[in-house]
Amino acid sequence: MSFNADQVLALAGKNLQGLSIQELTNSFHELLREGMHGICFSPYLEGQQPGDTLTEEQVRRRLKIIQPHTQWVRSFSCTQGNELIPILAKELGMKTLVGAWLGKDNQINQEEIQGLIKLANEGYVDIAAVGNEVMYRKDLSEEELLDFMYRVKKELPKTVVGYVDAYYEFERKPRITEACDVILANCYPYWEGCALDYSLLYIKDMYNRALKAGQGKKVIITETGWPSQGSPLYGAVPSAENFLKYFINTQTWSKIDSVDIFYFSSFDESWKVGAEGDVGAYWGIWDKNERLKYG
C-alpha cells in the first residue's frame, strides 16, 4: 500500500485541519475498505450488559458486519456466551485475541481461566490475554495475577500469552511485564485529557514507553479510540469530527509504521455509561443499531 504526501502529513495531525466532515468521512470509509489490523468486539445489544448471556445469532451477525474490515477480533471474556466469539470468528476467517476477564470473584475467575484454556486447546486462540486492567482497577494483587498468568502459560506452552493493561502499568509492574510473551497495552489520549491536535504524538509516546518497558518484546495496542459524542475531559473533546480525525490518524500510523492496533470499539453500547459517564456509549465505529457511523 502506498501513501501520498497528505497521508504522510496526517501522521503529524496537520493535513486534517480544515477538512470538511464529508472529506473526513471519505477518508474514514477508505481506511475501512482497506481494512484494519484489529477491532475490539462489542457483543451486547441495547438493553443487555455484562452478566447477560449472548446468543449465537447476535454474535454471528455482528462478526459478519466487522469481518470485511479487520484481520483480528478481540474478545474480553470466556463465559456467558463470550466463548462463542473466537469460535465464530475463526469460522469467518479472522484471527483472535481472546481475553479471560478477571475480577474480585474467584469462582468467576476460575471459570474464565478454564474457558480460556479450553478454547486455546481447541484451536480458537491466537493470543491469550489473562486479564484486562486488573492492576488498574486493583481487583487482584500482583501475586494473584501472576499466578493466573503462569498457570495459563504452563497449560498452553504453544500459545502466545499476555496481559492487557494501561501502557504505564508495564513500567510500574516489571514482574508482570516479564511474564508476558507480548505486551498488550491500552493507550487512550482521550482519557488523559489530551487535545485531539496532539493525540497522535501522545499515543506514539504511550506506545514507545510500553516498548521500552518490554525490553524488546512486541507491543500490541489492544485498545484505543475516541468517543463521537459526550462530555469533554479537559482538552479532549468528543465530536464526530474528532472521532473521524483520530481514527484516520491512528489507522494511517498503524499502516505506515506496522503498529498492531485493536481499535475500540466495534459497536456503541449503552450500558457503558455507568462506568464511563455519557461518553461511554459512543466509542463504536457502528452505532448501537449496527449502522455504520457517518455511512
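We count residues from 1, following the sequence as given. Heavy-atom basis, side chains included; hydrogens, waters and symmetry copies ignored.
Put simply, the side chain of S254 gets close to the backbone of V259: a donor and an acceptor are under 3.5 Å apart. The main-chain N or O of K293 is never found under 3.5 Å from a side-chain atom of D287 such that the two would form a donor-acceptor pair. The main-chain N or O of Q67 is never found under 3.5 Å from a side-chain atom of T70 such that the two would form a donor-acceptor pair. Side-chain atoms of E23 come within 3.5 Å of backbone atoms of S20 as a donor-acceptor pair (strictly under, hydrogens ignored).
Considering all non-hydrogen atoms of both residues, A236 and C194 come closest at CB-O, 3.3 Å. What you find for V161 and V152 is that their closest heavy atoms are CG2-CG1, 4.1 Å. Nearest heavy-atom pair across N249 and L200 is O-CD1, 3.8 Å.
Taking CG of L88 as the start and CZ of F41 as the end, the distance is 8.5 Å to the nearest 0.5 Å.
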Would you list the atom pairs, donor with acceptor, under 3.5 Å between side chains in residues 93-104 and any protein atom, with sequence neighbours excluded?
from: T96; atom 1: OG1; to: Y124; atom 2: O; distance (Å): 2.6
from: T96; atom 1: OG1; to: D126; atom 2: N; distance (Å): 3.2

**Steps toward ring-ring contact (aromatic ring centres under 6.0 Å, His included) verdict (W283, Y190)** = CA-CA 11 Å; W283 293 85; Y190 174 85; 5.6 Å; yes
**Prompt:** How far apart are the C-alpha atoms of R33 and E30, what are their side-chain angles, what is the distance that settles it, and do they pass the salt bridge (charged side-chain N to carboxylate O under 4.0 Å, His left out) test?
**Reply:** CA-CA 5 Å; R33 285 193 297 270; E30 181 180 350; 5.3 Å; no
**Request:** Take Y207 and W253, measure what ring-ring contact (aromatic ring centres under 6.0 Å, His included) needs, and give me the verdict at the end.
**Result:** CA-CA 12 Å; Y207 174 73; W253 170 51; 5.6 Å; yes
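The pair E276-K272 fails the salt-bridge criterion, with no side-chain N (NZ, NE, NH1 or NH2) lying under 4.0 Å from an Asp/Glu carboxylate O. Using a 4.0 Å cut-off between a side-chain N of Lys or Arg and a carboxylate O of Asp or Glu, D165 and K173 do not qualify as a salt bridge. Ion pair E91/R60 flagged as a salt bridge, since at least one NZ, NE, NH1 or NH2 atom sits closer than 4.0 Å to an Asp/Glu carboxylate oxygen. Under the 4.0 Å criterion applied to side-chain N and carboxylate O atoms, K218 and D181 are not assigned as salt-bridge partners. Ion pairing of R175 with E178 is absent here, as no side-chain N (NZ or NE/NH1/NH2) approaches a carboxylate O to less than 4.0 Å. Remark: E122 engages K118 in a salt bridge, criterion side-chain N to carboxylate O under 4.0 Å.
Relative orientation of the Y263 and Y246 rings is tilted, given thresholds of 30° and 60° on the angle between their planes. Aromatic ring orientation, Y294 versus F243: tilted (interplanar angle from 30° to 60°).
Of the N and O atoms on the side chains of E112 and T79, at least one donor lies less than 3.5 Å from an acceptor on the other residue.
Within the 4.5 Å cutoff, the side chain of L140 has heavy atoms near those of the N109 side chain. Proximity of R74 to F76: side-chain heavy atoms (C-beta onward) are separated by under 4.5 Å at one or more points. When side chains are defined from C-beta on, V59 does not count as touching T55, because their heavy atoms never get closer than 4.5 Å.
For Y198, the OH atom is loosely surrounded, since the number of other residues' heavy atoms within 6.0 Å does not exceed 12. Heavy atoms from other residues, nucleotides or ligands lying under 6.0 Å from CD of E57 number more than 12.
Relative to the ring axis of F267, R62 places its NZ or CZ within 45° and under 6.0 Å from the centre.
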